[in-house]
Amino acid sequence: ETGVTQTPRHLVMGMTNKKSLKCEQHLGHNAMYWYKQSAKKPLELMFVYSLEERVENNSVPSRFSPECPNSSHLFLHLHTLQPEDSALYLCASSQDLAGAYEQFFGPGTRLTVL
Amino acid sequence: AQSVSQHNHHVILSEAASLELGCNYSYGGTVNLFWYVQYPGQHLQLLLKYFSGDPLVKGIKGFEAEFIKSKFSFNLRKPSVQWSDTAEYFCAVGAMNRDDKIIFGKGTRLHILP
């Protein structure tokens, strides 16, 4: 596999379920990101990790819990979500944190919360 | 921190028409500028980028963008669009400061009529 992969591609869950999204990058990058993409809204940066250390948390509700066990893997653990959390969740990676580096995106996980 | 705005939210053109999508940014220092594209059902990918040098940047699929520092703009252009250019286009601004992450605009949905 090359680039950035995400699993699952589609997820439907109830408000009381617990699920996890997985992201893996095969590019040797040091920084990884979670974004939320909703209809009619701009890309929302949720979390940023640099060398497995969380460096940014953009006021994301605690029902979203990220985990970065190593520089290649990033998880987003979900619990007690709300219907308004339904969106496309994108993972991205870049060589480093600075804005000089382009981000490489995965295909996203389409999440539907019932 | 920087900010970015895209003025056109939805653009509809006929094939062979010329395209210009506006992007303006705000930042007090040196910026790096990007255009990303998201084709229907596909992941976000880089179209072109500007770091330094020639302000006219050429990207993939015949796209180009011009950095005009005095206007804080980085407009995307294509002289003759094709039906396959139907997609959502995002302008993004990054700074060399590692504390300022890449910021994405709200996106412009481009619909090309065959």
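Chain naming here is simple, since letters A, B, ... match the order of the sequence lines and numbering starts at 1 in each.
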Is there a side-chain contact (heavy atoms from CB on, under 4.5 Å) between Q38(B) and L88(A)? Walk through the geometry before answering. CA-CA 13 Å; Q38(B) 189 173 30; L88(A) 182 67; 4.1 Å; yes
Between F90(B) and Q37(A), is the side-chain contact (heavy atoms from CB on, under 4.5 Å) condition met? List the steps. CA-CA 12 Å; F90(B) 295 88; Q37(A) 187 177 28; 3.4 Å; yes
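Hydrophobic clustering, with ILVMFWY side chains joined whenever heavy atoms are under 4.5 angstrom apart, keeps V48(A) apart from M32(A). One hydrophobic cluster, built from ILVMFWY side chains closer than 4.5 Å, holds both V93(B) and L21(B). No chain of hydrophobic side-chain contacts below 4.5 Å, direct or via other Ile, Leu, Val, Met, Phe, Trp or Tyr residues, connects M46(A) to F75(A). W34(A) and F64(A) end up in the same hydrophobic cluster when Ile, Leu, Val, Met, Phe, Trp and Tyr side chains are linked at under 4.5 Å. A continuous path of hydrophobic side-chain contacts links F63(B) to F67(B) [ILVMFWY only; heavy atoms under 4.5 Å].
Partner of E102(A) under the side-chain contact (heavy atoms from CB on, under 4.5 Å) criterion, chosen from L46(B), N32(B), L48(B): L46(B).
The structure places NZ of K49(B) at 10.5 Å from OH of Y101(A), a figure rounded to the nearest 0.5 Å. Atom NE2 of residue H43(B) and atom CD of residue Q6(A) lie 10.0 Å apart, to the nearest 0.5 angstrom.
Residue V4(A) does not touch chain B at all, counting heavy-atom pairs closer than 4.5 Å.
Nearest heavy atom pair, residue Y36(B) against residue Q103(A), reads OH-N, 2.8 Å. What you find for I102(B) and Y35(A) is that their closest heavy atoms are O-OH, 4.3 Å.
No other option in K106(B), Q45(B), Q42(B) has as many heavy-atom pairs under 4.5 Å with chain A as K106(B).
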